[in-house]
Every structure is written in structure tokens, then in C-alpha cells.
Amino acid sequence: MAQANNPTRRPRGKLIVISGPSGVGKSTITRAVIGRLRDVYLSVSMTTRPQAPGEQDGRDYWFVSRDEFRRRIEAGQFLEYAEVFGNLYGTPRDKTEAALEAGRTVILEIDVQGGRQVKAICPQAVMIFILPPSRQTLVDRIGRRGRESGEVVARRLRAAEGEIAAAAECYDNRVINDDLERAIDDVIRIVENAPDA
């Protein structure tokens, strides 16, 4: 005999991965999606990079030493982790699982390397890749930031081209950010139609 579903138990939440090259607007899109949907949790990454002025531990990132990060890797405490431009970043597994169990949609805004790891562990994760309308648009957006040297900008562009090529492997959803409002609407539609994790 089939057991009746527990009507008081919330269904498990949705796991969404949003990736895209530096300068493509993924953070702006992600913030807008979180602002417009209910019960959406943006996963806070852990990092070894130095805390910048104005950043808060636990809000912007969880800031830890390299030794502590390595200890957590060995203990299997990350859903994914990667080294990006000399710093380690990772998604704490326990906080993601707790939010999913509470029925919340969890968005991971991570790079393609991390996205691959998540998809391998959680095949039901919904993978969204944000694309620029053209390479020149991406060059212009990264250059407009004005906070990095020419060498760093060139490195970011090379990394972006590699990410775009690699995204074809495991990202089922691609959203072109040629119109910000339309891109936000497209991502919201994908999230709303996504299956539970």
C-alpha cells in the first residue's frame, strides 16, 4: 500500500547553477532573480582570498585560511571547489543541503569548473550559462570595469573563452544577455520550471 504524502512537509527545493564569463552580468541577473522570486537562497561561497573593505564574513563570502580550506576539502565539506586566479573558492555542502531540505531554491553562482563538479554530484541540478551577445561586447564590459590592469583583463578574456567552450558539455540552458530585462525573465522562467532537487 502506498504511503500518503506528509502534507506538512515541504517538498525539497531546487538546485540552480548560474555561470558565465567575467563581465557577462551574471551577478546582476542573479540578484534580480533572487529579488523577484520567493524562497530563493543565494549560496555564500567560502574563499581564501583576503576580505575586502566593506565585505562581511558570512554575507559576501565565508573567509578562511588556505589551511582551513584544505582541511575542509579533505573532510568532504564542499559541494564543489576550485582555484580561481590564485584563490580557493568553494560551496559549503551543509548550508546548501539545509536550504534544499527546507524547501528553498538554492542558486550557486559559480564558474564552469565548479558547475561540472555540482552536476556530477547532483545530476538533477539545473545548469544555466549566461552568454554575452558577442565577444566584442564582453571585451567592452570587462574593459569598462577599469579596476584591473591590461594583463588581468587579457587573462579574464582567455578564461571567458575557455568557459564558453566548456559550458556546452553540461549546461542545458543558455541565456544571452543582450537585453538585461529579457535575460532576467528568461532565467526566472527556467527556475520556475525546474524540477525539485
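If you're wondering where the values come from, they're calculated on a predicted model, not measured in any experiment.
- Remark: Leu15 CG to Ser43 OG distance equals 9.0 Å, nearest 0.5 Å.
- Side-chain contact between Leu37 and Ile188 is present, with heavy atoms from C-beta onward closer than 4.5 Å.
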key: side-chain contact (heavy atoms from CB on, under 4.5 Å) evaluation trace for Leu108 with Leu79   = CA-CA 10 Å; Leu108 308 182; Leu79 188 57; 3.9 Å; yes

inquiry  = With side-chain contact (heavy atoms from CB on, under 4.5 Å) as the criterion, how do Ile29 and Asn177 come out once you've worked through the C-alpha distance, each side chain's angles and the decisive distance to 0.1 Å?
reply    = CA-CA 9 Å; Ile29 291 169; Asn177 186 13; 3.9 Å; yes

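- To the nearest 0.5 angstrom, Arg189 atom CZ is 12.0 Å from Ile184 atom CD1.
- To the nearest 0.5 Å, atoms CD1 (Ile107) and CD1 (Ile16) are separated by 6.5 Å.
- Tyr171 contributes atom OH, which lies 4.0 Å from atom CE of Met127 (distance to the nearest 0.5 angstrom).
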task = List the steps and the verdict of side-chain contact (heavy atoms from CB on, under 4.5 Å) for Trp62 and Thr47.
result = CA-CA 6 Å; Trp62 297 103; Thr47 185; over 6 Å; no

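- No salt bridge links Arg158 with Glu161; every basic N to acidic carboxylate O contact stays at or beyond 4.0 Å.
- Taking the six-membered ring where tryptophan is involved, the planes of Phe78 and Phe69 are essentially parallel, since the angle between them stays under 30° and well short of 60°.
- Closest heavy-atom contact between Pro132 and Pro21: CD-CG, 4.3 Å.
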task = Give the intermediate values and the outcome of salt bridge (Lys or Arg N to Asp or Glu O under 4.0 Å) for residues Glu192 and Arg38.
result = CA-CA 10 Å; Glu192 287 178 332; Arg38 292 183 51 207; over 6 Å; no

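- Judged by distance alone, the side chain of Thr48 and the main-chain N or O of Leu88 form a donor-acceptor pair under 3.5 Å.
- For Ile176, the CD1 atom sits in a loose shell: 12 or fewer heavy atoms of surrounding residues, nucleotides or ligands are nearer than 6.0 Å.
- At a threshold of 4.0 Å, the pair Glu109-Arg31 does not count as salt-bridged, since none of the basic side-chain nitrogens sits closer than that to a carboxylate oxygen.
- Cluster annotation: Leu157 and Val84 are assigned to distinct hydrophobic clusters (Ile/Leu/Val/Met/Phe/Trp/Tyr, side-chain heavy-atom contacts under 4.5 Å, transitive).
- Between Tyr61 and Glu55, the closest side-chain pair of non-hydrogen atoms falls below 4.5 Å.
- One finds the CD1 atom of Ile73 at 10.5 Å from the CD atom of Glu68 (value rounded to the nearest 0.5 Å).
- In this structure, Val44 and Asp60 have side chains that are not in contact, with every pair of non-hydrogen atoms separated by 4.5 Å or more.
- The hydrophobic cluster containing Phe63 does not contain Met46, counting ILVMFWY residues as joined when their side-chain heavy atoms lie under 4.5 angstrom apart, directly or transitively.
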List the atom pairs, with distances to 0.1 Å, where a side-chain N or O of residues 112-119 and a protein N or O form a donor-acceptor pair under 3.5 Å, not counting sequence neighbours.
from	atom 1	to	atom 2	distance (Å)
Arg116	NE	Glu169	OE1	3.2
Gln117	OE1	Tyr81	N	3.2
Gln117	NE2	Tyr81	O	2.6
Lys119	NZ	Pro123	O	2.8
Lys119	NZ	Ala125	O	3.0

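- In this structure, Ile110 is not a member of the same hydrophobic cluster as Val64, with clusters built from ILVMFWY side-chain heavy atoms closer than 4.5 Å.
- Other residues, nucleotides and ligands contribute more than 12 heavy atoms inside 6.0 Å of the CZ atom of Arg66.
- The two residues Val126 and Pro195 come nearest to each other via the heavy atoms CG2-CD, 4.0 Å.
- In this structure, a donor-acceptor pair under 3.5 Å is absent between the side chains of Glu163 and Ser19.
- Applying the side chain to side chain donor-acceptor pair (under 3.5 Å) rule to pairs touching residues 84-98 yields Arg12-Glu97, Glu80-Thr91, sequence neighbours excluded.
- Taking a cutoff of 4.0 Å between a charged side-chain nitrogen and a carboxylate oxygen, Glu74 and Arg70 do not qualify as a salt bridge.
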ask   = Hey, mind stepping through Phe129 and Ile164 against side-chain contact (heavy atoms from CB on, under 4.5 Å) and telling me if it holds?
value = CA-CA 8 Å; Phe129 194 81; Ile164 290 168; 3.9 Å; yes

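- When every heavy atom of Val24 is checked against every heavy atom of Ile130, the shortest pair comes out as CG2-O, 3.6 Å.
- Under 4.0 Å is where a charged nitrogen must lie from a carboxylate oxygen, and between Asp185 and Arg182 no such pair does.
- In this structure, CG on Asn173 lies 5.5 Å from CD1 on Ile128, to the nearest 0.5 angstrom.
- Under the 4.5 Å side-chain criterion, counting only non-hydrogen atoms from C-beta, Val106 is not in contact with Lys14.
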